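Just so it is clear, the structure is predicted and the values come from calculations on it, not from any experiment. So that the names make sense, note that chain A is the first sequence line, chain B the second, and so on, each numbered from 1.
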Amino acid sequence: MTTSGRPSFRPASLAPETTPEGKTPRHKYEPAQIEPVWRSRWKKSKLFEVRDPKPGELVDKYYVLEMLPYPSGRIHMGHVRNYSIGDVIARFQRMRGKHVLHPMGWDAFGMPAENAAIERGRHPADWTHENIATMRAQLEPLGFSYDWSRELATCEPEYYKWEQLIFTRMMEKGLAYKKSAIANWCTRCETVLANEQVEDGKCWRCGSEVQQRELDQWFLRITRYADELLEGLEALKGGWPDQVLAMQRNWIGKSFGARIRFLLGDETKKVAGDASADGLDVFTTRADTLLGVTFVTVAPEHPLARAAATSGPNAAAVQAFVQKMSKLRDLDRAADDAPKDGVFTGLHVKHPLTGAEVPVWVGSFVLMGYGTGAVMAVPAHDSRDFAFAKQHGLPIKVVIKPALPAGAPAPDAATMTEAFTEYGVMFGSGEFDGRPSDEGKKLVAAKLAAMKLGEETTSYRLRDWLVSRQRYWGCPIPVVYGEDGVAMPVPENELPVLLPRDVQITGEGGSPLVRHPTFSKAKDPRDPSKPARRETDTFDTFWESSWYFLRYCSPHYDKGPFDPEVAGAWMPVDQYIGGIEHAVMHLLYARFFHKVLIDLGFLPRGAAREPFKSLLTQGMVCMQTSYVKDAKGMPLWLYPEQVDENGKARAPGYEGLPVETGRVEKMSKSKKNVVDPDAMVAKYGADTVRIFMLFASPPEAELVWSEAGIEGAYRFLSRVFRTIRDILALPKTAPAIEPSGEATALRCKLHQTLQRVTTDIGERRQFNTAISAMMELVNELVPATAKVAAGTPSPGLVDALKESAELLVQMLSPFAPHLADELWSTMEGEGFLLARAWPKVDEDAAREDHVEIGVQINGKVRGRIRVAKDATEETALALAREEASIAAHLGDKKPKKVVYVAGRILNVIV
RNA sequence: GCCGAAGUGGCGGAAUCGGCAGACGCCCCCGAUUCAAAAUCGGGUACCCGAAAGGGUGUGUGGGUUCAAGUCCCACCUUCGGCACCA
């Protein structure tokens with residue numbers, strides 16, 4: 001474990017230090033002695049339980065929420081960091097007099113439970129419940145202020161029953177629907193995935209290849225909310241990180257353009273049949289280039305391409321091409337350097353303005369999932385169309401030329417080597433000649449609209465959310481199919497559709513629910529005498545996390561998913577904290593759900609439409625990797641405890657081998673660069689672990705775990721402990737009528753510290769600087785205490801020290817709650833600090849009337865002077881001249897100009 | 001390619017409104033204490049020149065605005081993150 005090369009020390013297990021006289025001192029900072037005591041007192045007094053606001057009651061509420069964990073087996077340092085941040089905020093807000101909701105629960109459905117079943121023969125329910133018990137027990141020693149009476153696990157019927165109800169309501173409103181579509185299929189997980197869950201063509205969870213399959217699946221109409229989800233981001237500015245807002249904006253991908261209709265030629269009409277009866281629609285953002293169209297290109301999956309493949313004049317070639325494309329992996333088709341393959345359909349459409357015959361091609365680069373699945377090709381002004389035209393020898397027609405400089409020549413179609421994609425001035429476009437592009441876009445769209453051949457429109461990248469999963473360990477989709485194939489919601493009084501326990505989980509042959517003897521057998525709700533088939537798919541587990549924050553508001557409510565009044569009173573979440581990895585998926589789904597739940601009447605109409613007012617995305621917890629090289633020079637990763645003090649391995653089989661130091665990476669089991677929270681708490685105590693997590697980096701940045709760093713955190717708390725012990729031991733002195741300068745200065749520092757800590761937690765959410773402010777204070781308390789103990793204290797100093805001890809303990813309590821309550825109990829303090837009000841800053845004491853300011857000569861600092869904060873320029877200048885270092889530079893030169901900002905700077909220009 | 005964030009000592013980082021760059025911590029060095037060590041306490045610690053006093057340089061690079069720039073403006077470089085044949 002030791003990385004610093006010297007033996008690590010173990011405070012909790014050390015024998016008590018001895019004094020020269022051989023006596024055991026009464027007090028020593030021993031977290032293992034302090035912490036369990038306080039946690040049991042907190043628990044006994046139900047300190048963290050919070051009652052719901054009564055109807056109509058005006059409470060100053062504050063909802064702090066940390067993203068709900070998946071019960072994977074053990075807590076890791078990333079969790080500890082997340083929850084330490086949340087706990088500081090929760091405790092601080094409570095002390096500030098807020099009515100704080102701070103819950104915790106478990107995101108209990110999901111794939112790993114099924115994998116455990118396959119690998120270890122454990123039932124997913126048992127595995128999950130055991131993990132929850134383990135992780136809850138691991139969280140306990142950290143002293144987080146959760147209201148455990150609100151704990152929930154999403155795999156319980158009391159929870160998922162309500163999402164089944166929500167689903168049936170969504171069906172009624174057309175927000176949930178079933179369609180056959182080309183879906184992302186993960187071969188390893190044997191299930192479909194939503195678009196958001198495909199990263200780089202691979203499954204977000206297991207990293208294996210994703211294929212395209214056409215399947216009948218349930219979707220949620222998130223696209224109906226695309227505009228609101230986009231516009232809602234505006235209101236979140238300031239509260240959410242820019243990065244997350246940008247990622248969501250990106251994902252929604254709204255673009256303005258026009259839908260343009262190309263009517264079909266006669267022979268094309270015959271081939272197309274029903275497929276494109278009304279003509280071929282394309283989407284473009286550059287309607288100004290319409291007169292530069294030399295062909296149109298459709299996606300291989302486009303109905304017209306399919307029609308052309310069966311009965312078109314070039315059917316054989318089209319058929320071959322379409323088949324080839326369907327076999328290509330999406331990743332290859334979308335690759336940057338993928339060739340612009342295509343084939344001519346033999347069909348033609350009519351140009352909406354000129355009526356000219358325009359050939360229809362099928363192109364590999366056209367995506368069925370975006371716009372209309374067909375594009376008008378303007379090779380002169382679109383780089384993809386340009387490449388396609390060059391590759392297939394298609395004509396190029398230039399219709400836009402640069403606007404600046406005036407009279408600049410248009411690109412030459414014969415010699416241009418790349419498309420001219422910038423905006424410019426239209427030409428070769430009849431009545432539109434001379435118009436700038438942006439104006440032209442509107443004019444062309446308007447003309448088409450008048451001809452009923454097009455209109456301005458918007459297009460989104462966002463697709464509807466595919467929620468069916470062919471998995472066992474999830475919430476059953478509450479649907480039955482009649483003999484006629486009609487899909488019907490399970491009637492409300494029959495909910496929940498329980499997930500059966502008696503299943504064989506083998507990992508083969510698809511979902512165990514399909515093979516279950518009775519699960520799929522149901523009755524037709526229209527006529528119970530007729531049989532029906534029950535849906536065997538379960539929900540995407542992002543369902544559960546899309547509304548859990550509402551369930552926490554009234555976790556035992558049994559008349560609906562949550563009590564609308566109570567949820568209305570608690571929501572929105574004031575501070576949400578979690579990992580950046582959920583920037584798109586979870587946070588987009590949850591925003592969508594919250595809006596839907598209001599619109600379905602589950603929440604009061606007037607509820608805030610955005611569920612999370614403020615979002616903090618904490619950085620990853622990282623650690624140096626260590627390894628030895630095997631015979632082939634490949635790294636064999638080592639756990640930190642497998643490296644001894646001399647940099648040699650002590651892993652079995654590699655004893656004594658020299659250890660190489662690898663990169664600093666996110667803590668992961670595969671690289672073995674992990675430390676166990678349990679072990680760290682046992683070694684240093686929870687308070688130290690928490691302080692280190694918050695001090696080492698600002699919350700949004702990555703945090704590098706270091707043994708030396710956590711020892712520093714332990715040292716700080718020990719110092720606090722000793723100093724306060726020593727201050728309390730000082731004999732009381734008579735109140736000072738005229739406090740000494742020393743005493744006044746200390747009180748000033750004290751209240752400035754309190755001020756800083758208050759704004760750092762409450763407004764800036766920057767905990768590292770709050771802790772460093774307290775460290776500075778302690779650095780002043782230590783020598784002052786020693787000085788008082790050694791001699792006669794100056795008037796008021798003892799009082800100032802005692803006040804410092806009291807306030808410091810209160811400031812520290814959100815960070816190191818056990819130690820703070822312990823120290824508080826040794827003062828005259830009563831009860832728990834959490835139940836006390838956050839201390840008030842003594843503004844008068846914090847105000848400094850004299851400050852040290854820098855004196856610059858020609859902008860360079862040459863000395864510093866101590867002046868009254870409101871001193872005049874003359875006073876400051878006179879004082880500066882007395883300073884030898886400044887006088888030397890100033891000589892007897894006359895100042896040309898003097899800039900003086902009271903309390904900040906004096907700059908003399910000579 | 002587009003969007004976003006960030007570049008500050010040996011390291012993590014601070015500087016909140018344009019006003020003394022490097023707070024606080026780690027590492028390292030010196031001293032006190034100790035039989036000795038640990039712990040603790042005190043001191044030092046951006047870089048360069050200098051014995052010192054002192055001087056010079058310095059917040060990714062190059063310009064600019066200003067009495068004054070880590071902070072504002074312009075151009076660029078690098079790193080990280082997201083999206084990406086999105087029409």
Side-chain angles (χ1 to χ4, degrees), chain A residues 4-7 9 11 14 17 20 28 199-200 241-251 253-255 257 282-286 289 297 333-338 340 363-367 369-378 382-385 387-388 421 459-461 580-581 583-584 692 695-698 700-704 706-713 715-716 718-719 722 756 759-760 763-764 766 768-776 778-779 782-783 786 852-856 858-864 885 888 896-901 903-909:
Chain A
S4 56
R6 59 193 177 80
F9 76 120
L14 264 186
E17 62 187 340
K28 171 179 170 6
E199 295 170 349
D200 264 344
D242 288 345
Q243 189 189 176
V244 176
L245 295 176
M247 283 164 77
Q248 295 224 343
R249 204 176 300 122
N250 228 321
W251 191 264
K254 182 176 188 174
S255 64
V282 302
F283 174 76
T284 180
T285 55
R286 290 297 300 272
T289 64
T297 319
R333 220 178 109 183
D336 250 352
D337 50 354
K340 297 270 180 295
S364 61
F365 67 96
V366 183
L367 307 174
Y370 184 77
T372 60
V375 297
M376 62 180 214
V378 188
D382 181 280
S383 49
R384 294 152 302 183
D385 296 340
F388 193 85
T421 57
S459 190
Y460 299 88
R461 211 186 81 98
I580 187 76
E581 65 272 21
V584 175
F692 175 70
F695 177 67
S697 291
E700 315 237 340
E702 81 174 25
L703 181 147
V704 182
S706 98
E707 194 75 8
I710 192 161
E711 287 185 15
R715 262 200 295 277
F716 167 62
S718 304
R719 216 162 132 86
R722 283 195 310 268
R756 277 178 64 186
T759 52
D760 279 355
E763 287 159 41
R764 302 209 310 150
Q766 201 165 305
N768 53 334
T769 51
I771 294 170
S772 71
M774 290 186 280
M775 286 174 167
E776 281 183 53
V778 172
N779 287 346
V782 169
E852 199 171 61
I853 65 167
V855 180
Q856 301 179 329
N858 292 337
K860 278 191 197 296
V861 180
R862 296 297 180 181
R864 42 206 57 174
S885 59
K896 212 190 283 175
K897 183 176 179 184
V898 177
V899 178
Y900 173 66
V901 182
R904 289 200 186 269
I905 200 88
L906 174 67
N907 190 2
V908 184
I909 314 301

*Among B:A84, B:G55, B:C26, the one nearest A:A708 by side-chain distance*: B:C26

*asked:* Without decimals, in angstroms, what is the distance between A:D385 CG and B:C86 P?
replied: 10 Å

_B/S/- contact track for nucleotides 42-50 of chain B, protein heavy atom under 4.0 Å_ = ---------

*Measuring from A:K28:NZ to A:R722:CZ, what's the distance to the nearest 0.5 Å?*
8.5 Å

*Compare the minimum distances between each of B:G19, B:G12, B:C85 and the side chain of A:L367, then state the nucleotide with the smallest one.*
B:C85

*Measure the spacing between CZ of A:F695 and OG1 of A:T769 and express it to the nearest 0.5 Å.*
10.0 Å

*Syn or anti for B:C17, with syn set at within 90° of 0?*
syn

*Which nucleotide in B:C27, B:C67, B:C24 has an atom nearest any side-chain atom of A:I909*: B:C67

*Hey, are the side chains of A:R756 and A:S772 touching, using non-hydrogen atoms and a 4.5 Å cut-off?*
yes

_Between P on B:C85 and CZ on A:F365, what's the gap in Å once rounded to a whole number?_
12 Å

_Side chain of A:K860, heavy atoms from C-beta onward: which of B:G12, B:U57, B:A5 has the nearest atom to it?_
B:U57

*Tell me which nucleotide among B:G12, B:A87, B:A14 gets nearest to the side chain of A:V366.*
B:A87

_Per A:N250 side chain, nearest of listed nucleotides B:C26, B:G82, B:G25_ = B:G82

*When you get a sec, tell me which of B:G19, B:A87, B:U40 is the closest nucleotide to the side chain of A:R722?*
B:U40

*asked:* Just the rounded figure in Å: distance from C1' of B:C80 to CD of A:Q243.
replied: 9 Å

*A:K340 (side chain) and B:C85 (base): donor-acceptor pair under 3.5 Å*: yes

*Inter-nucleotide P distance (B:U71, B:G19), Å rounded*: 11 Å

*Rounded distance (Å) that lies between atom P of B:A87 and atom CZ of A:R286*: 11 Å

*asked:* Can you identify which nucleotide, out of B:G19, B:U16, B:C27, has its nearest atom closest to the A:R764 side chain?
replied: B:U16

*Taking atom P of B:A87 as reference, at what distance in whole Å does atom OH of A:Y460 sit?*
13 Å

*Gap separating the OG1 atom of A:T284 from the CZ atom of A:R286, nearest 0.5 angstrom*: 8.0 Å

*Picking from B:G13, B:C67, B:C3, which would you name as closest to the side chain of A:A246?*
B:C3

*Could you work out the separation of B:U57 and B:U34 based on their C1' atoms and round it to a whole Å?*
44 Å

*Name the nucleic acid region contacted by A:V861, choosing base, sugar-phosphate or nothing; use a 4.0 angstrom heavy-atom cut-off, strictly under.*
sugar-phosphate

_For B:G31, does the O4'-C1'-N9-C4 or O4'-C1'-N1-C2 angle fall within 90° of 0, making it syn, or is it anti?_
anti

*State the dot-bracket string of RNA chain B. Criteria: Watson-Crick or G-U wobble, both atom distances under 3.5 angstrom; notation: ( ) intrastrand, [ ] crossing earlier pairs, | interstrand, . unpaired.*
(((((((..(((......[....))).(((((.......))))).((((....))))..(((((..]....))))))))))))....

*Can you tell me how far C1' in B:G7 sits from the matching atom in B:U61, rounded to whole Å?*
11 Å

_As a test of understanding, state which of A:V898, A:V855, A:V899 forms a side-chain contact (heavy atoms from CB on, under 4.5 Å) with A:N907._
A:V899

*With A:K340 as the cation and A:F388 as the aromatic partner, state whether NZ or CZ is under 6.0 Å from the six-membered ring centre and within 45° of the axis.*
no

*Measure from CZ on A:R862 to P on B:A68 and round the result to the nearest Å.*
15 Å

*Minimum-distance nucleotide to A:M247 side chain [options: B:C86, B:A14, B:G82]*: B:G82

*Validation row: A:N779, A:R719 side chains within 4.5 angstrom (heavy atoms)*: yes

